Structure formats: structure tokens, C-alpha cells
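Just so it is clear, the values below take in all heavy atoms, side chains as well, and ignore hydrogens, waters and symmetry mates. Just so you know, these numbers come straight off a predicted model, no measurement behind them.
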Amino acid sequence: MHGPSRSESDVHAPHAPLTEYYADEKQRRGFVSDLFDETAGDYDRIERMMALGTGPWYRRRALLRSGLVPGMEVLDVATGTGLVAAQAAAITGRSVVGVDPSFGMLRSGSRPNEIVAVRAAAERLPLPSDRFDFLSMGFALRHMSDLAAVFAEFHRVIRPGGTVCVLEITRPESALGLRALKTYMRLVIPALARVVGRHRDTPKLYRYFWDTIEACVPPQAVMATLTQAGFADVKRTVEIGIFSEYTGRKA
């Protein structure tokens, strides 16, 4: 159902087409955009429930661990409702540029005034080169259409010496952990979303989330693609076996 597995030498889209949801790679972007537009009003509510209220704490901790400090100029890609960008603005004390292709997501949420929203895709950022000290992307790598193109754009817009920080959920390595997370994300959260969500497609969004996690290229491939894009000192930090923080520096 999820198509063939992906190898480290074959990284463009982060996973093969998920034909339960769309027919082929050409239809991926439209499906993802429509799904986020339609379910944007439920996103923050379900996220708080799914993360048991720990989301802001973790995002702040991950950004600080990746080297974000006061005064830095930050670009947050796939900003959604501004959950990562809000923490970045609080740390830096400056406005943060948040980019996302979904009008529904940009329009939703309690976005602080410090976040400047720009509607655009990560593969083609309408921003000048060598512009930002720090670039973040939170839990959206799986929804990109071409990781090589995305990371090349990240490298272009970051200043020399600047940092990229990509947060993502990764498949647990243990069979027990994999079963537990799959049950929680593909069954429990969609069931709860049917109860508290306002849009009929919200449960589908969270089933899709899990399927993209399960099908995504392995961490080694993500790190290799960051390196190929020109980033140095690429590394991965892992929290509780599932939260990956990929970082790199533009030389």
C-alpha cells in the first residue's frame, strides 16, 4: 500500500507515494495542501491533546539545544499555526518569518504579532540569499516533495555560520516501541479527533501523519541529504527514541 522502500541514495521525496490517499507523486502536494487547509481549525487543539501539553516545552528546549540565542534572525519553514515560531520569537526577542503553503494554517491559531507570515512552499522560498541566522522546520519534513531541493533552499537563505534545525518524529527502532507509537497515532489519536475535532477529515490527517512517519526515509538519508546540500557538522539528537533533531551549519 505504501509503495517501495527508499534507500539513502534515492532521496527526493521523503517517502514513496501513499496510494491510500493519492494516486501518484504528482498528486501529493495538492492532497497535502487540501488536507491541511481543511483541518487547520482543529490543529492546535489536537496537538495539545496528542502531546499531553508538553509541546511548547519540547520545542523551546530543542531550539535552545540547537543553538538559538537572543538576537538571532529566524526563518521558520512550514510554520503552520506558528507553534515553533512562537517559541523562537520568545527566545530571540525578535520577529520571526514563518513560511507555509497552506492558507488555512497561516490563518489559524493564536499567532503572536512577532510572527510575519509568508505563503510559500519550502522548495522555492521567496526570500533573499544569506538572510537568516537560524532556520527551523518542525515536524513537516515528511510533507515535502523534494528533500534535496528543500535543503538546497535552506542552505541558500541561511547566512554563513548560520544553523538549520529540523524537528521530526522518527520510527522507533524497537518492535515494541513501533507498535506502541503506531497504535497511539494511527488508532487512538484519530478516534479522539472524531470526538473533539470539528472537521470530518481531522481523523484522516492523523492517520496520514502516522503513515508518513512509517514510510519516511531513515535518519541516515536525511543527514546525508543535508550534507549534500552543503551543510557541515550535520548531526542528529534523539529524545525518547522518537523525536529527532537534525542540525547543520552553513560554512
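- Distance CD/Glu153 to CG/Leu75: 10.0 Å, rounded to 0.5 Å.
- Here the two rings, on His143 and Phe209, have centers that are under 6.0 Å apart.
- Contact record, Thr202 with Asp42: OG1-OD2, 2.5 Å, taken as the closest heavy-atom pair.
- At least one side-chain heavy atom of Glu239 sits less than 4.5 Å from a side-chain heavy atom of Arg61.
- One hydrophobic cluster, built from ILVMFWY side chains closer than 4.5 Å, cannot hold both Ile158 and Val116; they sit in different ones.
- In plain terms, the two heavy atoms of Val157 and Leu127 that are nearest each other are CG1-O, 4.1 Å.
- Here the SG atom belonging to Cys216 is positioned 11.0 Å from the CE atom belonging to Met144, to the nearest 0.5 angstrom.
- Put simply, CZ on Arg207 and CD1 on Ile189 are 13.0 Å apart, with the number rounded to the nearest 0.5 Å.
- For Asp24, the CG atom sits in a packed shell: over 12 heavy atoms of surrounding residues, nucleotides or ligands are nearer than 6.0 Å.
- Listed by chain and number, the residues in a ring pair (Phe, Tyr, Trp, His ring centres under 6.0 Å) with Tyr22 are Phe31 (sequence neighbours excluded).
- The OH atom of Tyr43 sits 11.0 Å away from the OG atom of Ser108 when rounded to the nearest 0.5 Å.
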Using the rule given for salt bridge (Lys or Arg N to Asp or Glu O under 4.0 Å), can you reason through Glu123 versus Arg29, listing the C-alpha separation, both sets of side-chain angles and the distance that settles it, and then say yes or no?
CA-CA 11 Å; Glu123 290 82 357; Arg29 182 174 292 181; 3.5 Å; yes

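- Here the side chain of Arg48 pairs no donor or acceptor atom with the backbone of Gly53 at under 3.5 angstrom.
- A single hydrophobic cluster is not seen to contain both Leu106 and Ile46; linkage of ILVMFWY side chains at heavy-atom distances under 4.5 Å, directly or through other members, places them apart.
- Below 30°, between 30° and 60°, or above 60°: for Tyr208 and His15 the angle between ring planes is above 60°, a perpendicular geometry.
- Here the shortest heavy-atom pairing between Pro14 and Arg142 reads CG-O, 3.5 Å.
- Under the 4.5 Å side-chain heavy-atom criterion for Ile, Leu, Val, Met, Phe, Trp and Tyr, Ile213 and Met49 are members of the same hydrophobic cluster.
- Cluster annotation: Leu226 and Val238 are assigned to distinct hydrophobic clusters (Ile/Leu/Val/Met/Phe/Trp/Tyr, side-chain heavy-atom contacts under 4.5 Å, transitive).
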The test is side-chain hydrogen bond (donor to acceptor under 3.5 Å, both in side chains); show your working for Asp201 and Thr39 and say whether it passes.
CA-CA 7 Å; Asp201 281 340; Thr39 60; over 6 Å; no

Does Arg249 form a side-chain hydrogen bond (donor to acceptor under 3.5 Å, both in side chains) with Thr163? I'd like the steps, not just the answer.
CA-CA 5 Å; Arg249 178 180 55 83; Thr163 298; over 6 Å; no

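- Using a 4.5 Å cut-off on side-chain heavy atoms (C-beta onward), Thr237 and Thr247 make no contact.
- Screening Leu68, Leu63, Leu135 for a side-chain contact (heavy atoms from CB on, under 4.5 Å) with Val74, the sole residue that qualifies is Leu68.
- Judged by distance alone, with hydrogens and angles left aside, the side-chain atoms of Arg236 form no donor-acceptor pair with the main-chain N or O of Tyr246 at under 3.5 Å.
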Residues Met50, Tyr206; criterion side-chain contact (heavy atoms from CB on, under 4.5 Å); working and verdict:
CA-CA 10 Å; Met50 183 170 66; Tyr206 290 94; 4.1 Å; yes

side-chain contact (heavy atoms from CB on, under 4.5 Å) between Val217 and Leu147, worked out
CA-CA 10 Å; Val217 293; Leu147 292 186; 4.3 Å; yes

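- Closest non-hydrogen pair, His155 versus Gly230, comes out as NE2-O, 3.3 Å.
- Contact record, Ala120 with Pro126: CB-CD, 3.4 Å, taken as the closest heavy-atom pair.
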Ring pair (Phe, Tyr, Trp, His ring centres under 6.0 Å) for Phe231 and Phe151? Distances and angles first, verdict last.
CA-CA 9 Å; Phe231 288 102; Phe151 292 164; 7.3 Å; no

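- Between the CG atom of Leu181 and the CH2 atom of Trp210 there is a distance of 4.5 Å, given to the nearest 0.5 Å.
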Does the pair Arg156 and Asp130 meet the rule for a salt bridge (Lys or Arg N to Asp or Glu O under 4.0 Å), with working shown?
CA-CA 6 Å; Arg156 180 183 67 79; Asp130 301 331; over 6 Å; no

In sequence, state the C-alpha distance, the side-chain angles, and the governing distance for Phe132 and Val97, and then conclude on side-chain contact (heavy atoms from CB on, under 4.5 Å).
CA-CA 10 Å; Phe132 297 94; Val97 177; 3.9 Å; yes

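- With 3.5 Å as the limit, one finds a donor-acceptor pair spanning the side chains of Ser136 and Asp76.
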Test salt bridge (Lys or Arg N to Asp or Glu O under 4.0 Å) on Arg65 and Glu245; report intermediate values, then the result.
CA-CA 9 Å; Arg65 181 163 42 223; Glu245 301 160 20; 2.6 Å; yes

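- The nearest pair of heavy atoms linking Pro101 to Arg119 is O-NE, 3.2 Å.
- Between the Gln27 side chain and the Ala23 main chain, a donor and an acceptor come within less than 3.5 Å of each other.
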Can you check side-chain contact (heavy atoms from CB on, under 4.5 Å) on Tyr21 and Lys204, steps first, answer last?
CA-CA 9 Å; Tyr21 302 97; Lys204 180 198 290 188; 4.0 Å; yes

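- Side-chain contact check for Val222 versus Val166: every heavy-atom pair is 4.5 Å or farther apart.
- A side-chain donor-acceptor contact under 3.5 Å links Thr183 to the backbone of Arg179.
- How far CE of Met72 is from OG1 of Thr92: 9.5 Å, rounded to the nearest 0.5 Å.
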Run the salt bridge (Lys or Arg N to Asp or Glu O under 4.0 Å) test on Arg131 and Glu73 for me, step by step, so that the C-alpha distance in whole Å, both residues' side-chain angles and the decisive distance to 0.1 Å come before the verdict.
CA-CA 8 Å; Arg131 173 68 177 79; Glu73 293 192 66; 2.4 Å; yes

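- The hydrophobic clustering, which links ILVMFWY residues whose side-chain heavy atoms are closer than 4.5 Å, places Phe103 and Leu35 apart.
- Side-chain atoms of Gln87 do not come within 3.5 Å of backbone N or O of Arg59 as any donor-acceptor pair.
- Ser102 and Asp37 share a donor-acceptor pair across their side chains, judged by distance under 3.5 Å alone.
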Taking distance alone, no hydrogens or angles, what donor-acceptor pairs closer than 3.5 Å link side-chain atoms of residues 170-177 to residues at least two apart or in another chain?
from	atom 1	to	atom 2	distance (Å)
Thr170	OG1	Ser244	OG	2.6
Arg171	NH1	Glu214	O	3.3
Ser174	OG	Gly177	N	2.9

